[in-house]
Novice: 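Before I ask anything, let me first share the structure, which is written out below as structure tokens.
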Amino acid sequence: MYDINNIFAKILRKEIPCEKVYEDEFSLFFKDINPQAKIHILAIPKFKCTNFSDFLKNADNEKISSFFKSVQLVIDDLNIEENGYRLITNSGEDGGQEVPHFHIHILAGEKIGSLR
Ligand code: AMP
């Protein structure tokens, strides 16, 4: 069940501010408030979905395609493809998800440590 009062829903409704990096009809990208790398951007679809699976199962193909193409567009804008980057999406309790609106972390700008 989607919590309409989660912090990213509030950012989408402009009830709280964010440091916007990119926005279009289907998605919003903004800087993580607690960056774990020199570049740490959060990508969220403008669609009420709790996690990756909820988004893939319930959004239509136009929204899904547009969202992932926007991720690549921002990767291009940030000019991080050559040096590399890491995409992460946490889901649920075991995945360590804190904010229950699907998001992708884009980490880059320095060597990202190993996962374990
Ligand atoms: P996750 O653990 O994958 O749910 O990640 C949630 C992320 O949201 C964390 O990296 C937080 O630092 C980030 N975050 C929480 N509140 C805000 C906010 N108001 N603006 C930007 N990032 C936030």
Side-chain angles (χ1 to χ4, degrees):
M1 177 90 148
Y2 184 78
D3 170 14
I4 59 163
N5 287 316
N6 79 74
I7 199 139
F8 294 168
K10 290 180 180 174
I11 286 175
L12 283 173
R13 291 195 298 267
K14 302 191 191 319
E15 291 167 11
I16 61 168
C18 71
E19 263 196 83
K20 185 164 78 179
V21 171
Y22 173 80
E23 181 172 19
D24 63 24
E25 186 184 350
F26 296 116
S27 65
L28 175 68
F29 291 65
F30 53 94
K31 292 186 181 174
D32 195 291
I33 208 167
N34 182 23
Q36 302 299 307
K38 281 185 186 154
I39 296 173
H40 188 170
I41 308 292
L42 297 172
I44 65 174
K46 293 180 175 177
F47 181 78
K48 293 183 177 67
C49 53
T50 56
N51 57 30
F52 174 83
S53 299
D54 188 13
F55 183 54
L56 269 286
K57 286 178 180 173
N58 294 308
D60 64 33
N61 285 344
E62 185 187 21
K63 290 185 176 68
I64 293 170
S65 162
S66 174
F67 175 71
F68 285 104
K69 283 182 183 293
S70 297
V71 173
Q72 181 57 44
L73 196 145
V74 169
I75 287 167
D76 287 340
D77 283 352
L78 294 169
N79 200 23
I80 55 174
E81 189 168 336
E82 192 178 333
N83 282 356
Y85 54 84
R86 181 173 298 166
L87 303 182
I88 297 175
T89 186
N90 299 319
S91 179
E93 208 174 318
D94 283 359
Q97 183 178 10
E98 288 170 14
V99 180
H101 180 112
F102 169 50
H103 52 282
I104 291 180
H105 298 256
I106 304 172
L107 297 156
E110 61 185 307
K111 198 162 177 62
I112 312 297
S114 71
L115 283 176
R116 291 178 185 276

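We count ligands from 1, going down the list as the structure has it; atoms in each ligand are counted the same way. When reading the values below, keep in mind they use all heavy atoms of this one structure, side chains included, and skip hydrogens, waters and symmetry mates.
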Novice: Under a 4.0 Å heavy-atom limit, does Phe8 contact ligand 1 with its side chain, its backbone, both, or neither?
Specialist: side chain
Novice: Just which atoms of ligand 1 are under 4.0 Å from any heavy atom in Asn34?
Specialist: 12 (O)
Novice: May I ask you to identify the nearest protein heavy atom to atom 21 (C) of ligand 1, giving residue, atom name and distance to one decimal place in Å?
Specialist: Ile33 N, 3.3 Å
Novice: Counting heavy atoms only, which of His101, His105, Glu98 is nearest atom 4 (O) of ligand 1?
Specialist: Glu98
Novice: Any idea which atoms of ligand 1 are less than 4.0 Å away from a heavy-atom of Phe30?
Specialist: 21 (C)
Novice: Centroid separation under 6.0 Å, is that true for the rings of His103 and His101?
Specialist: no
Novice: May I ask you to check if ligand 1 and Leu42 share an N or O to N or O distance below 3.5 Å?
Specialist: no
Novice: Which of the atoms of ligand 1 are close to Lys31, meaning less than 4.0 Å from one of its heavy atoms?
Specialist: 21 (C)
Novice: Check ligand 1 against Asn90 and write out every atom of the ligand that is under 4.0 Å from a heavy-atom position of the residue.
Specialist: 1 (P), 2 (O), 3 (O)
Novice: Just to be sure I'm reading this right: ignoring hydrogens, which of Asp32, Thr89, Asn51 gets closest to atom 12 (O) of ligand 1? Compare them by their nearest heavy atoms.
Specialist: Asp32
Novice: With heavy atoms only and a cut-off of under 4.0 Å, state how His103 meets ligand 1: side chain, backbone, both or neither.
Specialist: side chain
Novice: Mark up the atoms of ligand 1 that fall under 4.0 Å of a heavy atom belonging to Gly96, in ascending order.
Specialist: 2 (O)
Novice: Is the contact between Ile88 and ligand 1 made by the side chain, the backbone, both, or neither, using heavy atoms and a 4.0 Å cut-off?
Specialist: neither
